[in-house]
Amino acid sequence: MDRVFDTKVQVLKYSVLKSVIRRAYEGERQLDLAPYEIPKEVVPGPKTDMRCCIYKARAVVEERVRMAMGGDKDNPNIIECLPVACDECPIETYYVSPACRGCINHKCADVCPAGAITIKGQAKIDPEKCLDCGKCAKACPYKAIIELSRPCVTSCKIGAIKIDDDKKAQIDNDKCVMCGACVYSCPFGAITDKSYVLDCVNILKDAEKNGTKVYALIAPAIVSQFKYAKIEQIVEGIKMLGFHNVIETAMGADITLHKELNELKEVDKLTTSCCPSFVMYIEKHFPKLKQYISHSPSPMVEAAQLIKRTNPDSKVVFIGPCTSKKYEYRLEKTGGAVDCVISFEELQAFLDARDIDVSSLPESPLNNASFYGRIFAKSGGIAQGVKELKEKYGITKEICPIALNGLEEIRLALLKMNVNKLPENFIEGMACVGGCLNGALCLHHEEKNVRDVDRYGQEAKEKDISGSVALYNMTIDEK
């Protein structure tokens with residue numbers, strides 16, 4: 001699995017997910033035993049390189065099994081910290097390294113506004129007094145004072161992660177937008193996302209009994225993920241799992257683009273609704289700007305609603321790279337259009353749990369969406385569509401789009417927007433740097449993924465969004 005995933009943490013997560021899925025198909029008894037038996041399967045002993053001992057390693061795996069089976073039902077956040085796995089990373093922000101020479105200048109102590117530095121041979125920082133201003137680090141001629149920060153804290157650009165008295169990470173649900181950056185960045189895998197693979201298994205098993213049609217909605221970012229097989233083979237593999245058909249979420253992106261272009265005719269300023277973490281960020285941190293959020297559902301919801309209008313008794317499972325989609329699909333405003341969400345990581349575990357080697361499969365064609373819908377996967381894709389299609393929609397006013405790439409750019413732009421200082425009037429926001437093709441639950445994260453998405457867009461038979469829009473209008477009229 002090293003050839004598929006970026007990190008060993010992902011491989012561990014995959015191993016647990018695969019075992020849980022297999023047991024779900026073997027029966028309820030096997031699933032009940034999962035928290036007790038899977039840790040011994042994953043960490044057989046007598047030694048392990050994961051933790052200090054096999055007992056700690058197995059305790060961590062047991063918690064990961066719990067998350068693979070749905071996690072804490074009372075916690076509304078999709079993302080949870082596993083205290084047993086949080087390994088007491090250093091919490092001091094500034095640290096005097098062994099490079100300190102104990103010089104007689106004492107510039108570090110002289111510039112410290114809080115008197116937090118004492119010199120006894122080497123400099124020493126009192127963490128109780130330290131203001132984290134960084135002046136000492138800048139003053140040291142040997143660069144011996146270094147800034148330390150936990151990876152989870154550093155990755156969270158909105159300050160939603162704090163360290164408690166036991167030196168464990170805690171997530172502030174009131175601030176968290178579930179972007180999943182902490183999930184990918186924690187080198188211990190102590191922060192992870194809930195999995196709904198058991199819900200997916202039940203949907204597929206029920207469909208086999210009852211003849212229900214289950215549709216898989218695949219995010220366009222999928223084209224950059226399974227490097228060892230063609231996208232058409234992945235589609236065939238998904239069908240072998242029991243899905244009736246595989247539909248491109250990009251078709252929903254075509255419809256979203258159509259709706260947002262129409263909204264732009266009526267409003268002075270508009271922010272996109274595609275990224276649920278971006279929407280949550282506005283709602284939680286910039287509530288004054290909620291009025292500018294597009295009323296169009298996200299591409300996932302648009303595509304699912306279209307399916308449900310044509311086949312009301314069907315089920316829809318979204319497959320993508322996003323943690324916050326696992327939250328979005330349960331929101332009341334989605335109207336139950338999506339029945340389950342699983343990630344690319346979980347799809348890989350699903351395929352292997354069912355012993356499906358996609359690289360050996362025939363190819364199933366995939367032609368549901370346009371060029372514009374497919375490039376929604378990258379940062380700037382939505383803005384590009386608006387810019388290039390605005391004249392076709394009779395928009396005569398000046399449209400100045402901006403693509404905000406990651407939460408840091410989003411924060412700066414929204415601060416300006418909050419005080420009417422942002423000149424652009426169409427604001428595309430993607431919480432993940434690079435867009436969905438770098439989502440937290442991607443198999444791997446590479447700069448060249450954007451080339452795969454661009455190529456995928458160019459291969460679309462539909463070069464504009466008219467086909468998807470016509471299908472949308474037809475299903476609306478029939479309803």
Side-chain angles (χ1 to χ4, degrees), residues 1-27 30-31 34 37-38 41-42 44 61 64-65 68 195-205 207-208 213-249 315 317-321 340-368 377 437 439 441-446 448-449 452-453 455-456 459:
M1 279 298 112
D2 288 353
R3 68 189 176 98
V4 176
F5 297 106
D6 279 344
T7 71
K8 299 291 186 184
V9 170
Q10 288 176 292
V11 175
L12 171 61
K13 184 178 181 181
Y14 154 85
S15 299
V16 172
L17 286 165
K18 185 174 69 171
S19 294
V20 167
I21 294 167
R22 278 184 173 166
R23 286 173 175 272
Y25 278 99
E26 289 170 356
Q30 288 299 315
L31 200 54
E37 294 186 349
I38 291 179
E41 295 170 7
V42 176
V61 173
R64 298 197 73 91
V65 172
S195 176
Y196 299 124
V197 291
L198 293 183
D199 292 346
C200 186
V201 169
N202 289 332
I203 287 170
L204 292 171
K205 289 169 76 172
E208 187 177 3
K213 293 180 179 178
V214 184
Y215 290 84
L217 268 182
I218 56 171
I222 196 171
V223 72
S224 67
Q225 292 302 299
F226 295 83
K227 302 289 189 181
Y228 61 90
K230 295 180 179 179
I231 180 60
E232 293 83 3
Q233 291 175 307
I234 300 300
V235 170
E236 182 64 22
I238 293 172
K239 289 180 179 178
M240 288 183 65
L241 289 174
F243 288 92
H244 170 69
N245 204 355
V246 179
I247 305 295
E248 292 185 78
T249 307
K315 298 289 185 180
V317 177
F318 175 78
I319 303 173
C340 187
V341 169
I342 65 172
S343 68
F344 293 153
E345 292 176 334
E346 290 160 346
L347 174 59
Q348 182 66 66
F350 232 115
L351 292 167
D352 291 343
R354 304 302 288 156
D355 297 317
I356 298 173
D357 177 11
V358 291
S359 63
S360 65
L361 297 179
E363 300 175 20
S364 286
L366 195 64
N367 297 306
N368 302 128
L437 53 83
L441 305 184
C442 283
L443 304 183
H444 53 80
H445 305 72
E446 300 177 0
K448 64 182 180 181
N449 285 354
D452 294 328
V453 169
R455 174 181 51 78
Y456 186 51
E459 290 173 353

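No hydrogens, no waters, no symmetry mates; every other heavy atom, side chains included, goes into these values. One-based numbering along the sequence shown.
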Other residues, nucleotides, ligands: >12 heavy atoms within 6.0 Å of Glu459 CD:
yes
Report yes if the side chains of Leu198 and Leu31 come closer than 4.5 Å at any heavy-atom pair, otherwise no.
yes
side-chain contact (heavy atoms from CB on, under 4.5 Å) between Phe350 and Leu204: does it pass, once the steps are laid out?
CA-CA 12 Å; Phe350 232 115; Leu204 292 171; 4.3 Å; yes
May I ask you to decide if Val4's main-chain N or O and His444's side chain share a donor-acceptor pair within less than 3.5 Å?
no
Could you check Val61 against Leu12 for side-chain contact (heavy atoms from CB on, under 4.5 Å), going step by step and ending with a plain yes or no?
CA-CA 8 Å; Val61 173; Leu12 171 61; 4.1 Å; yes
Please determine whether side-chain contact (heavy atoms from CB on, under 4.5 Å) holds for the pair Lys227 and Asn449, giving the CA-CA distance in whole Å, both sets of side-chain angles, and the decisive distance to 0.1 Å.
CA-CA 10 Å; Lys227 302 289 189 181; Asn449 285 354; 3.5 Å; yes
Would one find more than 12 heavy atoms of other residues, nucleotides or ligands at under 6.0 Å from atom NZ of Lys213?
no
Looking only at non-hydrogen atoms, find the nearest pair between Ile319 and Ala216 and report the distance.
CD1-CB, 4.0 Å
First locate atom SG of Cys200, then atom CG of Leu347, and finally report the distance between them rounded to the nearest 0.5 Å.
9.0 Å
Write down the atom of Gln233, the atom of Ser359, and the distance for their closest heavy-atom approach.
NE2-O, 3.1 Å
Shortest non-hydrogen separation from Ser15 to Val42 and the atoms involved
CB-CG2, 4.5 Å
Going from SG on Cys340 to CG on Asp199, what distance comes out if it is rounded to the nearest 0.5 angstrom?
5.0 Å
Do other residues, nucleotides or ligands put more than 12 heavy atoms under 6.0 Å from Lys13 NZ?
yes
Test side-chain contact (heavy atoms from CB on, under 4.5 Å) on Tyr196 and Ile203 and set out the steps.
CA-CA 11 Å; Tyr196 299 124; Ile203 287 170; over 6 Å; no
Any donor and acceptor pair, going by atom type alone, linking the side chain of Gln30 with main-chain N or O of Gly27 inside 3.5 Å?
no
Quick one: pull up CD1 in Ile238 and NE2 in His244 and give me the separation to the nearest 0.5 Å.
14.5 Å
Donor-acceptor under 3.5 Å (Glu346 side chain, Ser343 main chain)
yes
Residues Asp352, Arg22: salt bridge by 4.0 Å N-O rule:
no
Give, for atom CG of Leu351 and atom CG of Asp357, the distance between the pair rounded to the nearest 0.5 Å.
9.5 Å
For Tyr14, does its backbone N or O pair with a side-chain atom of Glu345 as donor and acceptor, under 3.5 Å?
no
Heavy atoms, side chains only, cut-off 4.5 Å: are Val20 and Val201 in contact?
no
Indicate yes or no: at least one non-hydrogen side-chain atom of Phe5 is less than 4.5 angstrom from one of Gln348.
yes
Between Glu236 and Ser364, is there a donor-acceptor pair closer than 3.5 Å when you use the side chain of the first and the backbone of the second?
no
Of the non-hydrogen atoms in Leu17 and Ala68, which two are nearest, and what is the gap between them?
CD2-CB, 3.8 Å
Does Lys205 use its side chain to pair, donor to acceptor, with the backbone of Ala24 at less than 3.5 Å?
yes
Is it the case that the side chain of Gln225 and the backbone of Leu443 share a donor-acceptor pair, with hydrogens and angles ignored and the cut-off at 3.5 Å?
yes
Using only atom types and a distance under 3.5 Å, with no angle test, would you say the side chain of Thr249 pairs donor to acceptor with the backbone of Ile218?
yes
Counting only heavy atoms not in Lys239, do more than 12 sit closer than 6.0 Å to its NZ atom?
yes
Mind checking whether Phe344 and Leu441 have side chains closer than 4.5 Å, heavy atoms only?
no
